[in-house]
Amino acid sequence: MSGGGRSIRVLNVAEKPSVAKSVATILSGNQGLRIREGRSRYNKIFEFNYSINGQPSLMLLTSVTGHLMEVEFEDRFRKWHSCDPADLFHAPVRKFVPQDKTDIKRTLEEEARKCQWLVLWLDCDREGENIAFEVIQVCTAVNRHLTIKRARFSALIDREIHAAAQNLVQPNKGFADAVDARQEIDLRIGASFTRFQTMLLRDAFVIDAATDDRNLVLSYGPCQFPTLGFIVERYWEVQSYVPEEFWTINCSYKSDEGFASFSWMRGHLFDYTCAVVVYEMCVQEPNATVTKVKKQEKLKYPPYPLNTVELEKRASRYFRMSSEHTMKVAEDLYQAGFISYPRTETDSFSERTNLHAIVLEQQGHPVWGPYAQRLLDPGSGLWRNPGNGGHDDKAHPPIHPTKFSAGEAGWSQDHLRLYELVVRHFLACVSQPAVGAETTVEIDIAGELFAASGREIIAKNYLDVYRFESWGGSLIPTYVVGQQFVPTTLTLDSGVTRPPPLLSEADLLTCMDKEGIGTDATMHDHIKKLLDRFYATKDANTRFSPTNLGEALVMGYDDMGYKLWKPYLRAVMERDMKAVSEGAKRKAEVLETCLQQMKACFLDARLNKVKLFEAMAIFFERSNRSIGDEQHTSGEVVRPCGLCLESDMVLRKNRDGNFMVGCLGFPQCRNVVWLPGSVSEAVVTTNVCNSCNPGPVRKIQFTFRRLEIPLDYNSIHLGCIGGCDETLRELIEICGTGSRTSARGRATPVVSGSVQRSNMRQGACIYCHQTGHSSSGCPSQFSGPQSARSRGMNGQNNNTQSVCIYCHQLGHSSINCPSQSSATQSGELSIPCNSCGAPCPLRTANTANNRGRKFYSCQLKECNFFVWEDSLNSGTGGRSIRANNTISSSNSSRNSGGGGTRRVARAAPNAASVTFVSATGDPVSGRRCFVCGDPAHFANVCPNRG
DNA sequence: GCAAGGTC
């Protein structure tokens with residue numbers, strides 16, 4: 001059937017086959033819907049008649065499968081040794097349809113030729129908009145007269161889809177541009193750093209990863225490295241953790257009515273003497289008086305509707321499934337029609353979703369069917385409209401069951417589990433919260449307050465079906481205000497603080513989600529990549545540790561002062577992408593700025609590669625294979641170095657095959673002359689230049705690649721690198737140098753002596769933007785950034801700094817950027833440290849919860865004294881910072897854990913746990929001072945208290 | 001042999 005009459009042919013393209021099918025079914029009302037094959041076996045073509053704003057149309061609806069195109073370097077830059085990795089920041093890239101997508105491209109071309117309109121039904125996000133423009137490019141290449149329209153829809157439901165078809169808009173170039181920029185930046189950064197660090201380190205060390213070293217790729221990526229950074233950072237936190245002993249008073253009371261355990265409302269004290277003094281007061285007057293009884297109803301709410309990250313986190317927590325495996329299983333269930341689309345950010349249901357129908361389907365299940373029935377019974381009062389998690393990707397609903405199953409023949413245990421999780425989660429979402437009655441009792445013993453609480457679950461509600469969650473609690477006896485009793489036990493107990501645990505897979509996903517690393521569809525890929533690259537390992541409890549290789553790489557960059565392993569770079573990129581999508585910045589502008597900074601960062605990292613070597617050397621043996629590092633191979637002497645005046649400069653060839661003349665004093669002296677990239681051979685001769693100083697400067701016989709130099713230059717040339725050689729200088733201008741400068745010669749050749757002065761095309765210093773000196777010799781750069789890692793090495797030899805990657809300003813290193821600081825220092829106000837006596841400057845917090853709040857913190861790195869200014873004023877005093885300490889509940893020996901020397905020095909013997917038993921023991925006789933052990937006095941008057 | 005993003 002053809003359009004006929006005034007009917008037009010409209011080519012509609014969706015992002016994936018499933019959406020094409022849904023849209024076709026909805027628009028056609030399932031009437032007269034025809035399906036035919038396209039060139040690709042996955043992407044069918046649906047045909048039906050439809051009227052767009054009264055315009056009769058023959059609709060052809062097909063799909064792509066995600067991106068139709070890829071970005072790659074032009075062929076001559078694709079081989080690893082084809083160019084200096086630094087050139088990849090400017091090497092030409094192209095966007096093309098890869099081989100495995102050509103069948104889809106052909107379908108689009110064939111259909112587009114016969115159509116008048118092209119309507120884009122891609123997902124309504126930035127990537128979708130970019131794919132839309134890929135489709136436009138392919139279709140308009142064969143039919144320039146196409147009218148282009150964009151359908152905007154937020155859910156695959158009738159009203160939305162019809163409304164989208166009747167209100168077609170124009171595609172948004174800003175969104176697509178943002179993705180183009182992101183793709184190009186990711187490619188350039190990833191490829192350059194990956195090639196650089198792989199070629200630098202792989203052959204230089206014996207890396208005992210479970211693969212052939214030669215095949216090992218030490219990849220760098222703007223998502224994988226911050227993910228590794230999260231793991232390493234927590235690992236370092238655990239490694240450097242110093243356990244600290246604390247003291248607490250516990251009290252219990254057992255009567256005919258039952259048992260209650262009271263805990264000290266001060267929590268715990270790190271000062272043994274203080275704890276003992278208070279404890280003695282309690283022991284002397286052990287009578288407890290009930291001061292407060294509070295009863296209240298507490299609700300425990302069901303989770304929000306399920307999105308991808310939550311699905312991955314919960315499957316990891318409940319079943320210990322890896323996020324990657326979870327997504328594979330979820331994809332299977334989705335393909336077979338049992339669950340909805342598994343890659344979604346959305347955690348709230350549209351009002352128009354028929355939630356009852358989804359529950360209805362589950363009524364027949366032998367295990368949770370009865371619960372589904374209760375939900376649908378209005379008399380049960382169990383139903384509740386689901387909560388709104390606040391995220392909506394406007395493309396997909398939360399993950400929910402779409403077809404009933406009591407288990408299928410081909411399902412593995414994990415398919416069963418995941419389907420069960422999706423169903424139970426959905427049923428929980430539409431259920432009432434659990435209801436509990438909580439009782440809190442406070443007692444006073446000698447002026448010290450203690451509290452006990454109990455909980456009784458009144459209605460389990462959603463917990464009946466969501467077996468993965470529980471709500472613990474026990475009952476306590478009834479107390480009344482004013483009631484008095486003598487505790488059954490009153491103990492002074494010690495414990496030690498413990499480090500936070502290593503990151504679990506769920507923790508890692510939380511970090512990534514919070515910092516915007518990856519997308520819901522790719523986060524599991526980044527985690528898997530770390531395992532595949534031998535950067536990290538996962539233990540049986542799904543906890544991640546870095547491998548030596550992962551730790552060494554992060555340590556190396558950290559020692560350089562670069563936070564390439566932190567999420568900030570991605571965050572800055574994301575902000576720029578947003579600016580492009582909103583039209584606030586142009587794509588070209590963002591690309592240029594970002595790549596320029598990253599290139600400066602790359603060059604600087606390369607200058608500081610000794611840091612990477614040092615970090616690797618901590619963990620790995622040096623290899624006797626060729627080390628592949630141009631600074632470590634010796635060469636023939638060309639001249640004495642005019643910069644350090646100590647060492648000779650020698651001719652060398654780096655791994656990329658490019659020639660340079662570098663100072664043997666590296667890394668102390670970084671003087672180097674890069675030679676034209678077109679040199680194929682260079683030999684030092686005995687011929688000495690008559691004019692260049694300091695001499696003697698021996699001339700070099702160059703052979704240039706004929707095709708890479710202009711015709712009027714000889715391919716053989718006896719040249720001088722001292723600065724007098726016009727020909728050499730011209731060829732550097734024309735061809736660029738082989739390394740550290742782009743082919744267009746825009747970056748900074750690092751030259752010395754008269755070459756430096758005579759080379760008018762020399763780029764500006766990357767630090768101060770002046771000409772006349774090399775970047776590595778910039779006078780503004782001699783106070784280097786310090787290591788950010790608390791257990792890190794010192795910052796020797798770190799005398800470089802570049803444009804700050806965060807605020808784009810000069811004058812400070814990235815790690816000292818005020819925009820990134822967790823706190824800013826104000827004025828000269830300071831107080832002496834309570835702990836060590838050093839000054840504690842007044843600072844202003846910049847964290848989410850305490851922004852603007854003032855605090856003092858000790859300036860000594862080793863000392864962690866910290867106090868809020870307002871708590872000082874209110875007299876509550878200071879304490880040491882301890883992040884995420886968890887408290888051991890068991891008693892322990894005073895000397896365990898190795899922490900808290902200050903307290904150990906004052907410790908009394910055998911004081912690990914002091915017990916007063918009111919029913920049997922004599923509370924006074926046999927007692928002695930807990931500080932010095934003297935029975936003649938109590939600790940509060942002990943002369944040895946210090 | 002390199003990234004991250006779609007999706008099959």
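To find a chain, count down the sequence lines: A is the first, B the second, and so on, and within it residues start at 1.
Residues from residues 184-194 of chain A that place a heavy atom under 4.0 Å from any atom of DNA chain B, listed by number: A/Asp186, A/Leu187, A/Gly190, A/Ala191, A/Thr194. Interface residues of residues 510-529 of chain A facing DNA chain B, ordered by number: A/Gly518, A/Thr519, A/Ala521, A/Thr522, A/His526, A/Lys529; criterion, heavy-atom separation under 4.0 Å.
Aromatic ring orientation, A/Tyr220 versus A/Phe193: tilted (interplanar angle from 30° to 60°).
A/Lys149 meets the side-chain contact (heavy atoms from CB on, under 4.5 Å) test with A/Trp117, A/Val119, A/Thr147, A/Leu168, A/Gln170; sequence neighbours excluded. A/Lys529 pairs by the salt bridge (Lys or Arg N to Asp or Glu O under 4.0 Å) definition with nothing, not counting sequence neighbours. Every residue was checked against the salt bridge (Lys or Arg N to Asp or Glu O under 4.0 Å) condition with A/Asp103, not counting sequence neighbours, and none meets it. Take A/Asp392 and apply the side-chain contact (heavy atoms from CB on, under 4.5 Å) test, not counting sequence neighbours, and it matches A/Thr346, A/Lys394. By the salt bridge (Lys or Arg N to Asp or Glu O under 4.0 Å) test, A/Arg152 pairs with A/Glu129, sequence neighbours left out. A search for side-chain contact (heavy atoms from CB on, under 4.5 Å) contacts involving A/Asp507 returns A/Leu503, A/Ser504, A/Arg543, not counting sequence neighbours. The side-chain contact (heavy atoms from CB on, under 4.5 Å) search around A/Ala14 returns A/Val19, A/Ala20, A/Ser63, A/Trp121, not counting sequence neighbours.
Taking side-chain N and O atoms only, A/Arg78 has no distance below 4.0 Å to OP1 or OP2 of B/dA3. Within the 4.0 Å cut-off from OP1 or OP2 of B/dA4, at least one side-chain nitrogen or oxygen of A/Gln224 is found.
A/Glu70 comes within contact range of no nucleotide atom at all, as no heavy-atom separation falls under 4.0 Å. Within the nucleic acid shown, A/Ser40 has no heavy atom closer than 4.0 Å to any nucleic acid atom. Note on A/Arg126: nothing from the nucleic acid sits closer than 4.0 angstrom, heavy atoms only. A/Val71 comes within 4.0 angstrom of a nucleotide base, judged by non-hydrogen atoms across all strands.
Closest to the side chain of A/Cys223, out of B/dG6, B/dA4, B/dT7, is B/dA4. With distances taken from any side-chain atom of A/Pro222 to the nucleotides B/dT7, B/dA4, B/dG1, the minimum falls on B/dA4.
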